[in-house]
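If you read the sequence from its start, that first residue is 1, and numbering goes on from there. Note that ligands are numbered from 1 as they come in the structure, with each ligand's atoms numbered from 1 the same way.
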Amino acid sequence: MLTAVSKFRNKSGLASTTRVMPFFLSTSATATATPLCPPPSPYPSPHFRLPSPPRRGLAFLAASAPQRDLFPTPRQAMASLATSTAAAAAAEVTHLSQRDAADIDEQLMGPLGFSVDQLMELAGLSVATAVAEVYKLSEHTRVLIICGPGNNGGDGLVAARHLYHFGYKPFVCYPKRTAKPLYSGLVTQLESLAIPFVPVEDLPQDLSGQYDIVIDAMFGFSFHGTPRPPFDDLIQMLVSLSVVGDSAKRPPIVSVDIPSGWHVEEGDVSGGGIKPDMLVSLTAPKLCAKKFTGPHHFLGGRFVPPPISSKYGLELPPYPGTSMCVRIGKVPSVDISSLRENYISPELLENQVMPNPFDQFRTWFDEAVTAGLREPNAMALTTVNKAGKPSSRMVLLKGVDKQGFVWYTNYGSQKAHDLSENSNAALLFYWNEMNRQVILPTACATSIIG
Ligand SMILES: NC(=O)C1=CN([C@@H]2O[C@H](COP(=O)(O)OP(=O)(O)OC[C@H]3O[C@@H](n4cnc5c(N)ncnc54)[C@H](O)[C@@H]3O)[C@@H](O)[C@H]2O)[C@@H](O)CC1
Ligand SMILES: [K+]
């Protein structure tokens with residue numbers, strides 16, 4: 001007998017109702033489609049299906065497919081390879097001088113045909129996607145974006161708009177507005193989204209209580225000298241924030257292209273500057289980025305054409321898939337115990353559940369397919385050998401009806417050996433995107449269809 005369980009969680013994240021239903025795995029060899037070229041089965045009890053030798057290769061493929069899910073499809077593998085390559089090659093990434101950064105800017109917007117609006121849009125989008133990749137909306141909602149008078153500030157305005165559309169709640173501090181149409185257009189766009197503009201004097205001295213992320217978009221690669229008012233005070237505000245030791249108790253600081261106030265090439269010369277938690281370098285990291293010691297360094301601005309790369313000998317990491325940003329530098333080690341998701345799902349009540357568990361499973365399975373989940377038929381199969389040693393792996397469900405659940409394997413596999421010795425097995429479907437899992441625990445009478 002197998003048992004199916006679906007767990008839903010209420011808004012507080014606790015399991016609200018658990019429904020346990022008995023399932024009987026099929027007891028008849030005729031439960032599923034006709035076996036293919038039935039070979040003499042080496043296993044005693046006919047019940048779950050092993051393909052005949054001519055189909056062995058196919059069956060093996062079916063059994064191993066979900067493992068590609070864990071070790072992703074070629075496309076995903078390429079993307080993750082790009083990410084890891086990027087991390088590994090961090091030391092080789094080109095760092096630009098202030099002069100080269102300005103030259104590249106000029107060439108992009110001159111002979112290479114870009115407009116400043118275009119580059120700013122792509123830069124701001126990169127910043128927003130990088131922020132969203134690191135700081136999940138469920139834990140970081142309110143984002144303060146402090147914008148300076150130049151293009152770095154413009155990147156901040158664009159990022160604010162994208163973050164709004166990603167579901168964050170942006171607040172913008174933009175004390176020195178530039179009276180060019182590009183900037184006033186960006187402001188109008190934010191106003192049309194009812195994004196609040198916060199005057200400097202209304203900012204609390206301690207930003208921790210009101211914001212979950214602070215984005216520093218004050219100065220980029222054209223910064224010189226020491227910051228003038230009101231940016232001197234704003235930078236000090238971020239300095240005070242970054243000295244709070246426990247980064248879990250304060251909003252993280254994300255610097256766009258350059259940590260504002262840092263020397264563009266030398267970095268934090270006095271040692272008393274901003275210590276951002278995240279730096280999003282644009283186009284290519286500037287020399288000061290070598291001094292960045294925070295946990296998250298990303299590259300954005302996926303628009304560098306080959307003439308620029310070859311002229312400046314740029315070594316830049318490939319962007320994974322369709323992403324607008326790529327991590328450079330070491331991936332920080334994660335405190336596993338802090339990983340937590342808040343599950344919000346509708347309640348599951350007993351009176352909502354079908355009397356026949358197979359019908360219920362089929363309904364849930366169809367929902368998973370309709371929701372567009374990747375390989376919803378992937379299931380964890382646990383078998384136990386005669387010494388009682390359990391082992392689990394992913395396999396693909398090949399059929400289900402009132403007689404049971406069917407999957408394929410080949411005769412030589414560990415699971416086939418286990419099942420020949422011990423007919424107990426358990427199945428688990430995990431449909432993460434739906435906050436749903438179906439568990440078919442042990443005490444089943446599995447058997448082999450030869
Ligand atoms: N091709 C590129 O390289 C791209 C650059 N972009 C962004 O553009 C930035 C460079 O923009 P800008 O050249 O406009 O320059 P910045 O945004 O770095 O800053 C220039 C502004 O800051 C003021 N300023 C300079 N030093 C100051 C000081 N000590 N105290 C107070 N104010 C000071 C200047 O008067 C000017 O108004 C990059 O860092 C990046 O964020 C992106 O928008 C798009 C692509
Ligand atoms: K900045």
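- Taking atom 20 (C) of ligand 1 as the reference point, the nearest protein heavy-atom neighbour is S222 CB, 4.0 Å.
- When only modelled atom types and interatomic distance are considered, R250 and S242 share no side-chain donor-acceptor pair under 3.5 Å.
- Rounded to the nearest 0.5 angstrom, M237 CE and C173 SG are separated by 8.0 Å.
- Among P149, S126, S255, the residue whose heavy atom lies nearest to atom 23 (C) of ligand 1 is P149.
- D117 CG to F114 CZ: the interatomic distance, rounded to the nearest 0.5 Å, is 13.0 Å.
- Looking at R327 and H297, their side chains never bring a donor and an acceptor atom within 3.5 Å of each other.
- Side-chain polar atoms of E121 and H162 form a donor-acceptor pair below 3.5 angstrom.
- Considering F231, F303, F114, F219 only, the shortest heavy-atom separation from atom 24 (N) of ligand 1 involves F219.
- Residue-ligand proximity: L108 is placed with a non-hydrogen atom under 4.0 Å from ligand 1.
- Protein heavy atom at the shortest distance from atom 2 (C) of ligand 1 is D105 OD1, 3.2 Å.
- Distance from atom 39 (O) of ligand 1 to its nearest protein heavy atom, with residue and atom name: D257 OD2, 2.6 Å.
- Angle OG (S260) to the K ion (ligand 2) to OD1 (D216): 40°, rounded to 10°.
- Heavy-atom contacts of T283 reach the following atoms of ligand 1: 1 (N), 2 (C), 3 (O) (cutoff under 4.0 Å).
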Checking Y312 against Q107 for the side chain to side chain donor-acceptor pair (under 3.5 Å) test, could you report, in this order, the C-alpha distance in whole Å, the side-chain angles of both residues, the deciding distance, and whether it holds?
CA-CA 12 Å; Y312 293 88; Q107 289 177 48; 2.7 Å; yes
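- Interface atoms of ligand 1 facing P227, defined by a heavy-atom separation under 4.0 Å, are 29 (N), 30 (N).
- Side chains of Y183 and N151: a donor on one and an acceptor on the other come within 3.5 Å.
- At the shortest separation from atom 8 (O) of ligand 1 among protein heavy atoms lies N151 CB, 3.1 Å.
- For R228 and D232, the salt-bridge test fails: no basic side-chain N is under 4.0 Å from an acidic carboxylate O.
- Looking from atom 9 (C) of ligand 1 to the surrounding protein, the closest heavy atom is N152 N, 3.7 Å.
- Contact annotation: for H224 versus ligand 1, heavy atoms closer than 4.0 Å belong to the backbone alone.
- Seen from the K ion (ligand 2), atom O of F219 and atom O of I258 lie 80° apart in angle, a value rounded to 10°.
- You'll find the ring centres of F429 and F361 inside the 6.0 Å limit.
- Inter-residue side-chain proximity for W431 and V438 is flagged as met; some heavy-atom pair is nearer than 4.5 Å.
- Ligand 1 lies within reach of F221, whose nearest heavy atom is under 4.0 Å from it.
- Looking only at heavy atoms of the protein, atom 30 (N) of ligand 1 is closest to R228 N, 3.1 Å.
- S391 and D418 share a side-chain donor-acceptor pair at under 3.5 Å.
- Using a 4.0 Å heavy-atom cutoff, T226 is listed among the residues neighbouring ligand 1.
- A salt bridge links D257 with K286: the distance from a Lys NZ or Arg NE/NH1/NH2 to an Asp or Glu carboxylate oxygen falls below 4.0 Å.
- With L119, D155, I104 as candidates, the residue nearest to atom 43 (O) of ligand 1 on a non-hydrogen basis is D155.
- The angle subtended at the K ion (ligand 2) by O of V256 and OD1 of N152 is 80°, given to the nearest 10°.
- Among all protein heavy atoms, the one lying closest to atom 16 (P) of ligand 1 is G220 N, 3.6 Å.
- Distance check on atom 34 (C) of ligand 1: every protein heavy atom falls at or beyond the 4.0 Å cut-off.
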